[in-house]
Amino acid sequence: MQPWLHRDTMQATQGAKNILIYGNCRYQNAGCVFNHDQLGKDHHQSPQQSDPMAKKLNVDSPAFTPSAPKRVAFTPNNANAVPFTPLGPGMSPAQAQLQQQTSPMDTGNPYSQAAPGASHMTDYQPFGMPDTMGMAADHTGMHDAFSNMQSLGAHLPGIGHYTGMQYDTSALLGASSFDPYTSRAAAAAAAAFNMPASNDPPRYHLYAPVGPEPVLKGRGNVRTSEIFMKNELREEMQKKQAASAQVLLTNSPLPPVVGEYNTLVPLDTTNTRKSTTSFGFNSWIYKAYSSKNGRPYCLRRLEDFQLSNANAVRRVNEWRSIWCGSIVHVEDAFTTTDFGDNSLVFVQDYYPCARTLLEQHFTPPHTSHGTQYRRTMIPETTLWSYLSQIAHALRMIHQAGAAARCVELSKIIVVGKNRIKLSGCAISDVVKFSEQTPIQQLQMQDLEKMGKVMLALMANNPVYATPTLQPSQLPSLIGSLQRQYKQDLVDAVSWLLTPVANPQQKTVQEFLTKIQHRVYDEFDAALSREDRLRFELGREIEHGRIARLVMKINVVVDRPEHKARSQETESVYVSRLFKDYVFHQVDSTGAPLVDLGHMMECLNKVDVGTDDQVCLTATDDQTVFVVTFAEIRKHIQAAFNEVIRRGPSNAGPGY
Ligand SMILES: Nc1ncnc2c1ncn2[C@@H]1O[C@H](COP(=O)(O)OP(=O)(O)OP(=O)(O)O)[C@@H](O)[C@H]1O
């Protein structure tokens with residue numbers, strides 16, 4: 001762009017604005033290129049001649065089209081501006097008051113939107129305000145916005161008036177006049193019509209509660225648990241991530257690749273004694289990565305398996321289409337000789353840190369008197385939760401015309417608090433392909449097995465979940481359970497265990513109808529759990545951004561190359577003052593004030609770039625800036641960009 005063209009365009013814009021706001025353009029005869037005639041001769045009246053209100057708003061006024069907000073108030077070009085220095089001695093008490101009064105809370109200041117835009121401020125005199133700064137006379141457009149900002153803090157009643165020891169914020173707090181062009185006013189107007197306030201993109205990153213719990217309960221009164229993810233949840237997630245990423249460092253005896261899967265890690269390390277009870281074959285279980293999509297999977301291998309009918313493996317296709325939150329999804333099955341034998345491998349979804357119900361509730365303590373299970377009662381809510389989830393999984397399976405065939409304590413995995421999944425599905429269908437048991441029979445057996453699992457959990461004895469349980473033992477067992485658990489739970493389990501002559505008389509759908517009130521409770525608990533997790537997730541999204549901001553601040557502040565403070569640029573200086581303001585607060589006696597709420601609030605406001613104002617004071621009490629968080633944000637970014645520009649850096653363009 002040619003410079004003269006740019007200057008003329010700016011002058012024309014300023015001329016239009018001056019006519020619009022003051023009723024005349026003082027530079028009409030001094031080279032202003034704006035076509036002053038186009039608005040009619042009335043616009044050349046002096047302000048004294050015309051009605052003071054009419055000069056601002058009258059029926060002949062052209063429609064006001066606000067220009068896109070230009071926030072050029074603080075740019076690195078303003079580095080040479082003279083900082084605002086308060087006149088009076090003994091700053092500290094006043095500053096304490098001033099800092100409180102201009103705390104980064106929303107002050108309701110009607111001019112706060114105009115303040116950062118120095119290009120507006122040079123020409124814009126709010127209604128009813130005296131021209132204390134001679135701003136209307138300043139017509140050059142790109143004059144020193146930084147000094148304007150400081151002057152603004154010093155003189156404008158709308159921002160706060162600092163006179164020696166007194167800082168008058170009455171105008172700041174009381175909205176004495178109304179600026180219809182502020183985004184806040186526009187937002188209020190738009191809110192009435194339920195419309196977006198402007199074309200600006202929504203401020204997604206503004207720190208706001210995502211759930212019912214308030215995030216910050218007030219400054220000075222905030223615990224870390226209110227701001228950060230709950231410790232238990234964080235620990236759980238980190239353990240899962242670590243487990244998911246775990247690989248074997250030593251020379252593994254396992255094959256490096258099995259089919260399309262590599263990096264095998266055994267999962268059944270606690271149980272080295274393999275039993276054939278579940279499937280009739282020794283089974284091993286591994287975590288492995290797919291070379292196709294890089295995701296971890298769980299491989300269950302049946303040792304020494306001879307596939308007699310190729311159609312058997314195709315049964316897995318039916319299972320692949322069953323999707324249920326309480327079933328470990330089966331992806332594939334294949335035979336392989338990669339393990340040095342004929343193995344059948346089932347590929348399932350992998351859940352890091354999963355434990356079987358057996359491991360979760362029946363880890364036997366090592367005693368010299370044999371196996372003794374602990375006698376802690378499992379809470380009734382947990383049992384109802386397990387019962388609802390297993391019943392729901394069976395319903396999905398039975399609806400698909402299949403049977404789980406593997407409802408056992410060692411084949412139900414716990415993947416979260418009270419969250420369980422059936423993990424051995426599809427295997428028996430392949431392994432026992434030649435068996436011709438009617439499906440209704442198998443489905444009824446599923447219900448019975450579910451009853452036994454529940455019985456074992458309630459009676460604290462895993463033996464009750466095995467086929468060794470005799471029907472004659474049932475009445476006395478049920479009688480003893482009635483002393484510990486409510487009747488409806490005992491009745492539900494007893495219904496599952498009572499044999500019927502006709503399998504069609506006993507379906508999972510019927511069972512679900514019987515316990516439906518408990519299923520609704522479980523549904524509600526699941527929804528609340530989801531709400532809580534979403535809330536936690538919302539908090540963590542913000543923290544990632546805050547971490548990035550803190551990193552940026554620390555990159556620019558106190559760099560070794562700034563040996564003397566005088567070598568700091570304006571942006572670095574403002575960043576440093578902001579860092580002090582956020583992290584190094586002291587009380588009136590000079591004792592450190594550590595206020596997590598204050599830190600989070602300020603950092604979030606800078607991250608978003610709000611127009612709230614904050615008073616930054618140098619440690620020598622000689623320099624005070626009144627700036628908006630938006631401007632601080634620009635300064636930090638400018639200073640950071642400068643560091644990046646000066647040297648090779650790993651901070652990519654995303655920063
Ligand atoms: N899909 C899965 N994702 C992650 N871990 C799993 C998954 N399925 C099972 N596990 C874990 O693997 C381990 C071994 O499971 P497995 O079913 O082999 O139990 P087991 O008691 O060893 O049974 P068996 O005696 O039949 O071998 C358990 O800790 C279980 O939680």
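Note that ligands are numbered from 1 as they come in the structure, with each ligand's atoms numbered from 1 the same way. Values below: every heavy atom of this structure, side chains too, minus hydrogens, waters and symmetry copies.
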Inset, instruction - Could you tell me whether some N/O pair between Y350 and ligand 1 is separated by less than 3.5 angstrom? - result: no
Legend entry - Residue V328 vicinity, atoms of ligand 1 by number, heavy atom under 4.0 Å: 1 (N)
Legend entry - Nearest option to atom 9 (C) of ligand 1, as decided by whichever heavy atom of I285, V414, L299 sits closest: I285
Inset, instruction - Measure L267 to ligand 1 on non-hydrogen atoms and call it side chain, backbone, both or neither using the 4.0 Å cut-off. - result: both
Legend entry - Min side-chain heavy-atom separation R314-N311 under 4.5 Å: yes
Inset, instruction - Closest by any non-hydrogen atom to atom 29 (O) of ligand 1: pick that one out of R355, Q360, E359. - result: E359
Legend entry - Selection residues 412-427 - residue pairs positive for salt bridge (Lys or Arg N to Asp or Glu O under 4.0 Å), sequence neighbours left out: none
Legend entry - Pairwise side-chain contact, K452 with L497, heavy-atom cut-off 4.5 Å (strictly under): yes
Inset, instruction - Specify side chain, backbone, both or neither for L358, according to which of its non-hydrogen atoms lie closer than 4.0 Å to ligand 1. - result: neither
Legend entry - Side-chain heavy atoms of V493 within contact of M458, under 4.5 Å: yes
Inset, instruction - Classify the contact between I413 and ligand 1 as side chain, backbone, both or neither, using a heavy-atom distance cut-off of under 4.0 Å. - result: side chain
Legend entry - Proximal ligand 1 atoms for S410, defined as those under 4.0 Å from one of its heavy atoms: 17 (O), 19 (O), 21 (O)
Inset, instruction - Report yes or no: does K287 have a heavy atom closer than 4.0 Å to ligand 1? - result: no
Inset, instruction - Show which atoms of ligand 1 fall inside a sub-4.0 Å distance from at least one heavy-atom site of D349. - result: 1 (N), 2 (C), 3 (N)
Legend entry - Within 45° cone of F433 ring axis and under 6.0 Å: R315 NZ or CZ: no
Legend entry - Aromatic contact, F305 with F279 (centres under 6.0 Å): no
I'd like a table of donor-acceptor pairs (distance under 3.5 Å, sequence neighbours excluded) in which one partner is a side-chain atom from residues 324-333, with atom names and distances.
from	atom 1	to	atom 2	distance (Å)
H329	ND1	E331	OE2	3.4
H329	NE2	R320	O	2.7
D332	OD1	R320	NH2	3.3

Inset, instruction - Side-chain contact test, heavy atoms from C-beta onward, threshold under 4.5 Å: evaluate it for F629 versus C602 and give yes or no. - result: yes
Inset, instruction - Output yes when the distance from some N or O of ligand 1 to some N or O of A354 is under 3.5 Å, and no in every other case. - result: yes
